[in-house]
Engineer: 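Would you mind keeping the following structure in view while I ask a few things?
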Amino acid sequence: MADELDPSAQLLSLRQSIDNVDAALVHLLAERFKFTQQVGRLKATSGLPPADPDRERQQIQKLKALAVESHLDPAFGEKFLNFIIAEVIHQHEQIASTGAVATHSE
Ligand SMILES: C=C(O[C@@H]1C=C(C(=O)O)C=C[C@H]1O)C(=O)O
């Protein structure tokens with residue numbers, strides 16, 4: 001257990017767990033963007049608008065309830081989801097106008 005170790009070993013162990021969570025978040029976000037890009041292509045070929053405010057409101061409500069259950073600040077959960085959704089809408093606009101999402105690799 002991390003709390004049986006000296007402080008520097010505890011810090012290392014906790015940071016390894018944080019790194020694992022960060023890696024999982026990146027993988028989950030990459031999967032989410034793969035699906036949202038499919039939605040973007042479907043909307044573009046069907047003439048649907050990039051944003052769907054009703055769906056966004058439903059998602060925010062669901063996520064805030066989940067955040068409360070999970071002892072996460074619901075205001076933070078809302079900000080986080082809105083940040084992701086804004087990027088998704090931007091990508092949907094790009095797909096509608098150019099047919100693809102601009103890629104960034106560093
Ligand atoms: C992915 C969609 O497009 C947009 C992005 C959303 C999201 O990232 O969850 C939700 C609603 C839309 O504004 C969708 O319509 O489902």
Side-chain angles (χ1 to χ4, degrees):
M1 291 277 282
D3 56 6
E4 290 157 6
L5 303 170
D6 67 61
S8 68
Q10 275 186 50
L11 187 59
L12 186 65
S13 169
L14 289 167
R15 284 180 173 170
Q16 282 168 346
S17 296
I18 291 168
D19 288 353
N20 287 344
V21 173
D22 288 348
L25 282 174
V26 167
H27 288 137
L28 286 171
L29 275 174
E31 281 304 299
R32 189 181 199 280
F33 276 103
K34 273 194 222 164
F35 289 123
T36 58
Q37 285 166 12
Q38 286 183 39
V39 170
R41 288 191 285 274
L42 191 63
K43 285 178 172 177
T45 54
S46 320
L48 291 167
D52 182 339
D54 285 341
R55 162 85 175 147
E56 290 170 29
R57 268 190 292 276
Q58 286 168 6
Q59 282 174 287
I60 298 285
Q61 286 321 307
K62 270 193 283 184
L63 187 123
K64 283 169 84 176
L66 276 175
V68 170
E69 272 178 35
S70 311
H71 308 288
L72 179 76
D73 177 2
F76 170 76
E78 181 172 10
K79 254 197 289 185
F80 182 66
L81 189 59
N82 275 327
F83 178 68
I84 294 170
I85 290 174
E87 176 62 19
V88 171
I89 292 169
H90 176 64
Q91 291 189 355
H92 286 186
E93 287 163 352
Q94 282 184 336
I95 292 167
S97 60
T98 70
V101 174
T103 52
H104 312 272
S105 47
E106 270 181 33

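Each ligand, and each atom within it, is numbered from 1 in the order the structure gives.
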Engineer: Contact between ligand 1 and Ile84 is defined here as a heavy atom of the residue under 4.0 Å from a ligand atom; is it met?
Structural biologist: no

Engineer: Return the minimal non-hydrogen interatomic distance between Ala51 and Glu56, and the atom names on each side.
Structural biologist: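 That closest heavy-atom pairing would be CB-OE2, 3.9 Å.
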
Engineer: Output, in order, the C-alpha distance, side-chain angles, deciding distance and verdict of side-chain contact (heavy atoms from CB on, under 4.5 Å) for Glu78 and Leu63.
Structural biologist: CA-CA 7 Å; Glu78 181 172 10; Leu63 187 123; 5.7 Å; no

Engineer: So if I count the atoms of ligand 1 from 1 in the order they appear, which ones are less than 4.0 Å from some heavy atom of His92?
Structural biologist: 1 (C), 2 (C), 3 (O)

Engineer: Carefully, step by step, assess Val101 and His90 under the rule side-chain contact (heavy atoms from CB on, under 4.5 Å).
Structural biologist: CA-CA 9 Å; Val101 174; His90 176 64; over 6 Å; no

Engineer: Is the shortest N/O to N/O distance between Lys43 and ligand 1 below 3.5 Å?
Structural biologist: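 Checking ligand 1 against Lys43, an N or O pair does fall under 3.5 Å apart.
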
Engineer: Give me the nearest non-hydrogen protein atom to atom 12 (C) of ligand 1 as residue plus atom name, then the distance to 0.1 Å.
Structural biologist: Asp52 N, 3.4 Å

Engineer: Give me the atom names and distance for the closest heavy-atom approach of Ile95 to Gln37.
Structural biologist: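 Minimum heavy-atom separation between Ile95 and Gln37: CD1-O, 3.8 Å.
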
Engineer: Should you measure from each heavy atom of Arg32, which atoms of ligand 1 turn up under 4.0 Å away?
Structural biologist: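 Matching atoms, with element in brackets: 7 (C), 8 (O), 9 (O).
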
Engineer: Using the side-chain contact (heavy atoms from CB on, under 4.5 Å) rule, take Ile85 and Ile89 through it: C-alpha gap first, then chi angles, then the decisive distance, then the call.
Structural biologist: CA-CA 6 Å; Ile85 290 174; Ile89 292 169; 3.7 Å; yes

Engineer: Please list, in number order, the atoms of ligand 1 under 4.0 Å from a heavy atom of Val88.
Structural biologist: 5 (C), 8 (O)

Engineer: What atoms in ligand 1 come closer than 4.0 Å to a heavy atom of Gln59?
Structural biologist: 7 (C), 9 (O), 10 (C)

Engineer: Please state which protein non-hydrogen atom is closest to atom 11 (C) of ligand 1 and give its distance, to 0.1 Å?
Structural biologist: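 I find the closest protein heavy atom is Glu56 CG, 3.6 Å.
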
Engineer: Find the distance between CG (Leu72) and NZ (Lys64) and round it off to the nearest 0.5 Å.
Structural biologist: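 Answer rounded to 0.5 Å: 12.5 Å.
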
